Protein chains: 2
Amino acid sequence: MANSTNRHINVSSVQSVDRAVSVLEILARHGAAGVTEIAVELGVHKSTAFRLLDVLENRGLVEQAEERGKYQLGLGIVRLAGATAAQLDIVQEGQPVCERLAEELGETVNIAIADGDGAVNVVQTIGAAAITGYNWVGRRTPLHATSSGKVLLAFMPPDQRRNLLPRRLPRHTEHTLTSAARLREELVAVVERGYATCEEELEVGLNSVAAPVRSFNGSVIAALSVSGPAFRLTGERLPAVAARTAEAADEVSRRMGFG
Amino acid sequence: MANSTNRHINVSSVQSVDRAVSVLEILARHGAAGVTEIAVELGVHKSTAFRLLDVLENRGLVEQAEERGKYQLGLGIVRLAGATAAQLDIVQEGQPVCERLAEELGETVNIAIADGDGAVNVVQTIGAAAITGYNWVGRRTPLHATSSGKVLLAFMPPDQRRNLLPRRLPRHTEHTLTSAARLREELVAVVERGYATCEEELEVGLNSVAAPVRSFNGSVIAALSVSGPAFRLTGERLPAVAARTAEAADEVSRRMGFG
DNA sequence: TCCGCTGTTGCTTAATGCGAAACACAATGC
DNA sequence: GCATTGTGTTTCGCATTAAGCAACAGCGGA
């Protein structure tokens, strides 16, 4: 090793590459930086930093900014990320988390995404305690009468939400919120709390809780929900279950690159 | 050099890093790959490929897939891209292209993005021939009565578009398309041709052409438009101008990571 | 059980990538 | 005007480093 200071136990074998990645991270943090600046931060010689930047530039991961001698992250990174995002599927990332939660709670866990004026379940795992094994995957549910839907509505851009909510909302049970104004009030609370609940508003005897799943850019892309029979998933149990639901949703968000 | 075959003139100095980038690109192409597969494609020994993957994995740029022994691009890439995207501003990338086009055509060139039920101009350069130096930047324009707006509508997800188009559209001049049905027909043509036109539909005596700007993932994120007085930017000149407009828009798209 | 296939890990060697110093080019100060 | 100090860039010789080999370890299927 060149200099004495071997910071944190260096497990990685290929130092060159390791440093190159550091260069990328430095650029990500600083936005743009010069050779010398990077060399100092890496603790290596200018020439070393330069060579690294040179390779990264030739490969398009880094490019020179307007100002001569300033480097910044390049399009190559974006292109790579495009390929990553494709396989960074909510289904793939969410499935294992849902399974764990379903096992822990014994209830059914779903992940739903917004699709026009409805929500579509794209992941479902059925907990051990679930009586009926009804398959909700692919099923469209109304946004105003489900906990997932409320989450999606609550974190939606206002413009978009406005277009999705007619003044009177279709009734499904006698608990369904049918007034847009009334629903809007609840959505404010949903953002506040970080989760939504639904008590027999879609089907009699069916309760649920949902929390938002975020993408790497912070936008809410899905809702993770736990649902079960009202007699077991009682109103008073909901807050406690909501906490676990939110944790799971955060875990999926992390896997999607958020935070 | 290890083996005799030094493929293409290797300018890059740090081979390790160069190969590491190749690994990333291979993973981007294949989606997921094993050590051996990558080693073969790189033309190096298994152990070499493994060590490269090891570093990249430790730094989060690569992660192991479900199936043991399969590697894929990781969240680190997405995080880096997030930092890139921040500075990958449409304004920054679009400005120089617009300036060139404005100089070439002598007309005013704008880039607009969708914002709810309107379009907002975020870049503007005024051509030499432009009489009036009116500033449109930040100004909101109706989607149905501008060429930019038509482009944005035309390439928008159908659900979203439906919510933005009431049956009757506000009239601005006697050429304004006020029927949603009629507009929809035109939008089909816009997608077909790859550009939209607008002849005195917003203001009398003002014509324009617009083409879509795409982001790295292919989605249309903005519209680049050329506008000028009807007596100079005549209806018959529009197709020719449209071609140049589309080229410029493509150039911006490329800068945003598309293609 | 064996074989073939993975990915993983020491070890040895020389190729590689490193650091020092020299160079080129700009911008600043005197 | 020139010198000075700051960039980024290039060259070159030395020894660190990373490649290749080969043996090991898991796994799955024949």
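Order of the sequence lines fixes the chain letters, A, B, ..., with proteins taken first and strands second; residue numbering starts at 1 for each chain. Fair warning: this is a prediction, and the values are worked out from it, not measured in the lab.
Atom C1' of nucleotide C:dT16 and atom CZ of B:R19 are separated by 10 Å, given to the nearest angstrom. Distance A:K70 NZ to D:dG6 P: 15 Å, rounded to the nearest Å. Separating the CG atom of B:L53 from the C1' atom of C:dT8 is a distance of 12 Å, rounded to the nearest angstrom. Summarising the geometry, the separation between CD on A:Q64 and C1' on D:dG8 is reported as 9 Å, rounded to the nearest angstrom. In this entry the distance linking CG of B:D54 with P of D:dT17 reads 17 Å, nearest Å. As rounded to whole Å, 14 Å separates atom P of D:dT9 from atom CG of A:L52. The nearest whole Å value for the distance from the OH atom in B:Y71 to the C1' atom in C:dG7 is 7 Å.
In this model, no side-chain donor or acceptor of B:K46 finds a partner on the base of D:dG20 within 3.5 Å. In this model, a side-chain donor or acceptor of B:S47 finds a partner on the base of D:dC21 within 3.5 Å. Put simply, the side chain of A:H45 and the base of C:dA20 share a donor and an acceptor less than 3.5 Å apart.
Inspection of the B:T48 and B:R19 side chains reveals no N or O donor paired with an N or O acceptor under 3.5 Å. Side-chain contact check for A:S208 and A:S227: no donor-acceptor pair (N or O, by modelled atom type) lies under 3.5 Å.
Nearest to the side chain of B:F50, among C:dG7, D:dG20, C:dG19, sits C:dG7. Checking D:dA19, C:dT9, D:dG8 against every side-chain atom of A:V35, the shortest atom distance belongs to D:dG8. Taking every side-chain heavy atom of B:T36 into account, C:dG7 is the closest of C:dG7, D:dT10, C:dC18. Minimum atom distance to the side chain of B:R51 is reached by C:dG10, of the listed C:dG10, D:dG8, C:dG19.
Partners of A:E251 by salt bridge (Lys or Arg N to Asp or Glu O under 4.0 Å), not counting sequence neighbours, listed by chain and number: A:R254, A:R255. For A:E247, the salt bridge (Lys or Arg N to Asp or Glu O under 4.0 Å) criterion is met by A:R244, not counting sequence neighbours.
The shortest distance between the side-chain N/O atoms of A:S16 and the OP1/OP2 oxygens of D:dT17 is not below 4.0 Å.
In this structure, A:N110 CG and A:L101 CG are separated by 11.0 Å, a value rounded to the nearest 0.5 Å.
Heavy-atom distances to DNA chain D give each of A:V17 and A:E57 a nearest nucleotide, and the one nearer the 5′ end belongs to A:E57.
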